[in-house]
Amino acid sequence: MAQSKYEFGMELLAAMSATVIAKKQKISKIRAFDKFMKSETARMLFDQDSGMWLNGPDYIADEYRREMYFKRTGKSLGY
């Protein structure tokens with residue numbers, strides 16, 4: 001089955017976001033991608049209705065960081 005342009009874009013954004021996460025956390029790209037794909041942020045990225053796919057990889061990586069901070073602390077970053 002052919003992949004839609006939206007699915008291709010979402011997969012590319014996931015990979016690019018994982019690269020940003022890997023650099024910030026100083027972990028491998030594969031580990032960052034695995035962690036990202038298990039997140040709520042990734043689920044939102046692959047949901048066309050959420051509009052997350054309209055943002056760039058830095059924004060998506062920042063949303064992932066906010067999600068992980070909230071899971072660790074129960075607190076919002078407040079911005």
**Q.** Closest non-hydrogen atom pair between Met68 and Ser39, with its separation
**A.** CE-CB, 4.1 Å
**Q.** Over all atoms of both residues, closest heavy-atom pair of Ser50 and Met44
**A.** OG-O, 2.5 Å
Q. Taking only residues at least two apart or on different chains, which pairs with a member in residues 32-55 satisfy salt bridge (Lys or Arg N to Asp or Glu O under 4.0 Å)?
A.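 Qualifying pairs, neighbours excluded: Asp34-Lys38, Glu40-Arg43.
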With rounding to the nearest 0.5 angstrom, report the [atom1] to [atom2] distance, [X] to [Y].
X     : Y     : atom1 : atom2 : answer
Tyr64 : Ser17 : OH    : OG    : 11.0 Å
Glu63 : Arg66 : CD    : CZ    : 4.5 Å
Thr41 : Phe46 : OG1   : CZ    : 12.0 Å
Ile21 : Lys24 : CD1   : NZ    : 8.5 Å
Leu45 : Glu11 : CG    : CD    : 9.5 Å
Phe70 : Lys75 : CZ    : NZ    : 11.5 Å

For [X], I'd like to know if atom [atom1] has over 12 heavy atoms of other residues, nucleotides or ligands within 6.0 Å.
X     : atom1 : answer
Ile30 : CD1   : no
Tyr6  : OH    : no
Lys29 : NZ    : no

Q: Go through the structure and list residues passing side chain to side chain donor-acceptor pair (under 3.5 Å) with Lys26, not counting sequence neighbours.
A: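 Side chain to side chain donor-acceptor pair (under 3.5 Å) check on Lys26 returns nothing, list empty.
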(Q) I'd like to know if Leu13 and Val20 are part of one continuous hydrophobic network [Ile/Leu/Val/Met/Phe/Trp/Tyr, side-chain heavy atoms within less than 4.5 Å]. (A) no
Q.
Starting from Ile27, can I reach Met37 by hopping between I/L/V/M/F/W/Y residues whose side chains sit under 4.5 Å apart?
A. no
Q: Tell me, with the steps shown, if Tyr59 and Met52 meet side-chain contact (heavy atoms from CB on, under 4.5 Å).
A: CA-CA 9 Å; Tyr59 177 86; Met52 178 72 79; 4.0 Å; yes
Q: Please examine the side chains of Trp53 and Ile60, heavy atoms only from C-beta on, and report whether any two atoms are closer than 4.5 Å.
A: no
